[in-house]
There are 2 protein chains.
Amino acid sequence: MKIGELAKATGTKVETIRYYEASGLLPPPARTQANYRDYELSHLERLMFIRRSRDLGFTLKSVRELLTLADDDDESCDAVDEVASAHLLAVEQKIADLTALRDQLSLLLQCSGDGTVGDCRIISSLASTNLANIRNQSSHIRETGNQ
Amino acid sequence: MKIGELAKATGTKVETIRYYEASGLLPPPARTQANYRDYELSHLERLMFIRRSRDLGFTLKSVRELLTLADDDDESCDAVDEVASAHLLAVEQKIADLTALRDQLSLLLQCSGDGTVGDCRIISSLASTNLANIRNQSSHIRETGNQ
DNA sequence: GCTTGACCCTATAGTTACTACAGGGTGCAT
DNA sequence: ATGCACCCTGTAGTAACTATAGGGTCAAGC
């Protein structure tokens, strides 16, 4: 199986496959006489594992760990569980961070009017007030119906 | 005002300030005889603007746009609004993506048992099933009370 | 037999937003 | 005079690719 075929089969770019090989995630395959990479089914399976893990947001470092754990049948499942749990926690933290950020952005945007930058509240919020002040501004806006 | 003082005043690292200057976000300040950077109040204000924008998740590219818009008093506030709205949309999309991802990760983790990797469901889910199958596995698990 | 196009190869640089040296100079206090 | 904290430039490293340059290979069609 040539690299282009493997790429198509797994939905990965050719360069990415070579990158995974260089990073030690995918073992170097045999080569044809023309020095083309010649992949086996095992490579396809391993690459699918990598892709699925990446789709779930695991870093390559974590994928490496998961692969190492998966390679050793005697390894406890707990270690796998730990990697995945840590990742889930990180994702949840990220969601919380982004949600707080979204709320602040929403407040910022409620300040938007139709004037010029000279009295643009978004700009002045970014320029001189701290973020807590935006709330006061926006409630003022709501009171005056300017929305 | 020396760079270290500006750094402390804004909660920015010295290297980051120099990086902003090199990136054209912060104008080069005057220099002392010793070739030290000598900042004015205007630099502090501009840097605070950059920091607040970055805290809200704007890319440096967007910050550059916002600064350009803010510099021109005649510019319409609409342009500012557009930049901020686009960012808000991107943040909301990211939250949605991460939420879907979190749900899939949760499903994956519900599969975790206490065996060895040989029959570790997390590994096998990553290895061979597509993600839709995890749901079936997990509902099966829920049925058997294994959670 | 020769060309054309699709594919393959290596090696290197670019992306984002910093961070971290290495190797050197400055200013002030002891 | 010497130590220390601070400043300078320039370069390399981070994550996970992506893109380019400059070249080789293979099968099909004329």
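Here is how names work: the chains are called A, B, and so on, in the same order as the sequence lines, proteins then strands, and each is numbered from 1. What you see is a predicted model; the values in this text were computed from it and never measured.
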Exercise for review: Round to a whole Å and report the spacing from CD of E5(B) to P of dA5(D).
Suggested key: 17 Å

Check your understanding: With a 4.5 Å heavy-atom cut-off, do L47(A) and Y39(A) have their side chains touching?
Key -> no

Study note, to complete from the structure: Going 5' to 3' through nucleotides 14-27 of chain C and flagging B where a protein heavy-atom sits under 4.0 Å of the base, S where only the sugar-phosphate is that close, and - otherwise, we get ---BBSS----BBS

**Study point:** Value in whole Å for how far the C1' atom of dC7(D) lies from CD of E21(B)
**Key:** 13 Å

Review point. Under 4.0 Å: is that the gap between some side-chain N or O of R37(A) and OP1 or OP2 of dC7(C)?
Key: no

Practice item. Side-chain contact test, heavy atoms from C-beta onward, threshold under 4.5 Å: evaluate it for D38(B) versus R31(B) and give yes or no. Key: no

Exercise for review: Please examine the side chains of L101(A) and L105(A), heavy atoms only from C-beta on, and report whether any two atoms are closer than 4.5 Å.
Suggested key: yes

Exercise for review: Rounded to the nearest angstrom, tell me the gap between atom CD1 in I3(A) and atom P in dT25(D).
Suggested key: 17 Å

Point to revise | Separation of atom NZ in K8(B) from atom C1' in dC6(D), rounded to whole Å | key: 11 Å

Review point. For N35(B) and dG10(D), what is the distance between atoms CG and C1' respectively, to the nearest whole Å?
Key: 14 Å

Exercise for review: For the pair R64(B) (side chain) and S23(B) (backbone), establish whether a donor and an acceptor sit closer than 3.5 Å, ignoring hydrogens and angles.
Suggested key: yes

**Study point:** Side chains of R37(B) and E21(B) in contact at under 4.5 Å (non-hydrogen atoms)
**Key:** yes

Check your understanding: Does the side chain of L60(B) reach to within under 4.5 Å of the side chain of Y19(B), using non-hydrogen atoms?
Key -> yes

